[in-house]
Visitor: 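Structure in structure tokens, see below.
The shown structure was predicted, so the numbers you read here are calculated from the model rather than taken from an experiment. Every chain is numbered from 1 and lettered A, B, ... according to where its sequence line falls, protein lines coming before strand lines.
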Protein chains: 2
Amino acid sequence: MTDKRRQLIETAFDLFYHHGTHAVGINEILKQANVAKKTLYSHFDSKASLLEAVLHYRDERFVDWLQQRINREQAGKPALLAVFDALDDWFNDRVPSLTAFNGCFFINTCSEYADVWSGPHQLCHEHKKRVRALIETQLARLDQVRDPVWLVDMLSMLKEGAIVTAQVQGDRQAALKARRLAEQLLTEPGLSQK
Amino acid sequence: MTDKRRQLIETAFDLFYHHGTHAVGINEILKQANVAKKTLYSHFDSKASLLEAVLHYRDERFVDWLQQRINREQAGKPALLAVFDALDDWFNDRVPSLTAFNGCFFINTCSEYADVWSGPHQLCHEHKKRVRALIETQLARLDQVRDPVWLVDMLSMLKEGAIVTAQVQGDRQAALKARRLAEQLLTEPGLSQK
DNA sequence: CTTATGGTAGACAGGTCTGTCTACCTGTGT
DNA sequence: ACACAGGTAGACAGACCTGTCTACCATAAG
């Protein structure tokens, strides 16, 4: 029965995501997940290892989802723009599987673990590398890109900026605004291509 | 003697900033600030109102600092690029008054208070509006900008993206990378100007 | 000299936190 | 028939949390 394990992770994610990892207690998770305390501690060593599992779970869900959105479009520029369309859906709560938007779980969690060598911080860092790799792969399909590394940096940064803007400023249009600049970056010959 | 009050706010900021507001207890703040508990509660009603004061304090410090960096340069494009130079100094801990970099305190705090109507969330939102206004003012000095509102959006988003990238990916070059795009945005006639 | 102000140290109440443990229940494979 | 895996409920220890309170100290103004 891995059913309970999954239930724990999903409930913990929901609570951690919306209130922060330190603000949520084990007992709250147990109550909402309808799971006994003993069961939790048979699956996980501690709250910290539950958090680790939650980070892995969200990483997989999120990357899979984004990958699918990318795969729907033609490789290259359309696929890259699809990233921003996906963000737009996420920000406006049109992706139930990601749950109600409250920024990026990994940015949020990272801010609670400033120590770069802590487990959570490193997992967040690795998640961001994986997402960056998705963009990188699509960009590799484009010819004549003047400075591909910088362009990946810019698209990633634009993505992070849109997430934060949607969260803190409450600007639900953030993804579409960012998309417009992304499109120009991928079109303007003087900017990114020779 | 407002001295103790200031000491409390500065110590609380440091701890909140690097560990999150929920992870830090009152007693820890008192110990590090060398202040008695009674004194804290004579200045503030509760931990929540201390946090409010800390948010105001950081807002003022940060906005003043950025404004000064902007004022050093010629109004318009040089002033706007100075924002990214300032970020670069911040990310690389060359601004002692802002304390060791751990992302944006307001983004970090916001993620612990998802409820849009909560006090902390609103204060974070207002801080971001003030920073945006600084950029807006400089942009107003430029002529022939095709879509000034969108351009402010882009510069702000780029700034947020750089902060998050420096924090989570540990990319200390983030500000300079963003600066390069900002410069193109403010130069390319086909992009932002007629 | 007295009174007010602003501070110290820290005990304390009442609650919450994590993690352990006892005692019990249920379904399945052999 | 029986062992066992995996679950339930929840008491409990020990630590830590916020916020109140007592008792005391120092300085400065009237």
Side-chain angles (χ1 to χ4, degrees), chain A residues 1-57 105 108-109 111-115 118-121 123, chain B residues 1-57 105 108-109 111-115 118-121 123:
Chain A
M1 293 265 173
T2 308
D3 201 37
K4 291 285 166 180
R5 189 175 207 273
R6 183 198 200 80
Q7 218 166 334
L8 277 169
I9 290 178
E10 283 178 359
T11 307
F13 167 73
D14 242 41
L15 291 168
F16 287 164
Y17 182 40
H18 290 98
H19 301 99
T21 65
H22 287 105
V24 174
I26 286 290
N27 295 314
E28 181 68 22
I29 298 170
L30 295 173
K31 204 194 292 177
Q32 289 206 23
N34 272 311
V35 167
K37 198 176 272 195
K38 186 107 199 215
T39 307
L40 187 156
Y41 282 100
S42 74
H43 283 297
F44 306 99
D45 284 348
S46 62
K47 187 186 178 183
S49 88
L50 170 61
L51 171 58
E52 212 174 295
V54 168
L55 285 163
H56 276 117
Y57 166 83
F105 182 52
N108 297 356
T109 300
S111 76
E112 288 192 83
Y113 300 87
D115 177 8
S118 68
H121 192 108
L123 288 173
Chain B
M1 292 266 173
T2 308
D3 200 37
K4 290 283 164 181
R5 190 176 205 274
R6 183 196 200 82
Q7 217 167 334
L8 277 169
I9 291 178
E10 283 177 359
T11 307
F13 167 73
D14 241 43
L15 291 168
F16 286 164
Y17 182 40
H18 291 98
H19 303 98
T21 65
H22 288 103
V24 175
I26 287 291
N27 295 314
E28 181 69 21
I29 298 170
L30 295 174
K31 204 194 293 178
Q32 288 206 25
N34 273 311
V35 166
K37 199 175 271 196
K38 185 106 199 212
T39 306
L40 187 156
Y41 282 100
S42 76
H43 284 298
F44 306 99
D45 285 349
S46 61
K47 187 186 177 183
S49 87
L50 170 61
L51 171 58
E52 211 172 297
V54 168
L55 286 162
H56 276 117
Y57 165 83
F105 181 53
N108 297 356
T109 301
S111 75
E112 288 191 83
Y113 299 87
D115 177 7
S118 68
H121 192 108
L123 288 173

Visitor: Can B:T109 and B:V54 be said to form a side chain to side chain contact (heavy atoms under 4.5 Å, CB included), step by step?
Guide: CA-CA 11 Å; B:T109 301; B:V54 168; over 6 Å; no
Visitor: Can you identify which nucleotide, out of D:dG7, D:dC17, C:dC17, has its nearest atom closest to the B:N27 side chain?
Guide: D:dC17
Visitor: Could you check A:K38 against A:I26 and say which one's nearest nucleotide on DNA chain C is further toward the 5' end?
Guide: A:I26
Visitor: Answer yes or no: does a side-chain N or O of A:H22 lie under 4.0 Å from OP1 or OP2 of C:dC17?
Guide: no
Visitor: Select one nucleotide: of D:dG7, C:dG7, D:dA9, the one nearest the side-chain heavy atoms of A:H43.
Guide: D:dG7
Visitor: Return the value, rounded to whole Å, for the distance between atom CZ of B:F44 and atom P of C:dG6.
Guide: 14 Å
Visitor: How close or far is atom P of C:dT8 from atom NZ of B:K31, stated in whole angstroms?
Guide: 16 Å
Visitor: Does the B:K47 side chain pair with the main chain of B:T21, one donor and one acceptor, at a distance under 3.5 Å?
Guide: yes
Visitor: Mind calculating the distance between CD (A:E28) and C1' (C:dG15) to the nearest angstrom?
Guide: 15 Å
Visitor: Measure the distance from OH on B:Y41 to P on C:dG7 and round it to the nearest whole Å.
Guide: 16 Å
Visitor: Under 4.0 Å from OP1 or OP2 of D:dT18: is there any side-chain N or O of B:S46 that close?
Guide: no
Visitor: What integer distance in Å separates B:D3:CG from D:dT27:P?
Guide: 15 Å
Visitor: What nucleotide among C:dT20, C:dG7, D:dT8 has an atom nearest to a side-chain atom of B:K4?
Guide: C:dG7
Visitor: Please report, rounded to the nearest Å, how far the C1' atom of D:dG6 is from the CG atom of A:L40.
Guide: 14 Å
Visitor: Please find out if less than 6.0 Å separates the ring center of A:F13 from that of A:F105.
Guide: yes
Visitor: Side chain of A:K37, base of C:dG19: donor and acceptor closer than 3.5 Å?
Guide: yes
Visitor: Closest approach to the side chain of A:K47, judged atom by atom: which nucleotide of C:dT8, C:dG19, D:dG7 is it?
Guide: C:dG19
Visitor: Between the side chain of B:K4 and the main-chain N/O of B:L40, is any donor-acceptor distance below 3.5 Å?
Guide: no
Visitor: Measure the distance from CD1 on B:I29 to P on D:dC17 and round it to the nearest whole Å.
Guide: 10 Å
Visitor: Give the rounded distance in Å between these two atoms: CZ of A:R6 and P of D:dG6.
Guide: 18 Å
Visitor: For the side chain to side chain contact (heavy atoms under 4.5 Å, CB included) test, which of B:I9, B:D14, B:L8, B:L15 pairs with B:T11?
Guide: B:L15
Visitor: Closest nucleotide of DNA chain C for B:N34 versus for A:A23: which of these residues is on the 5' side?
Guide: B:N34
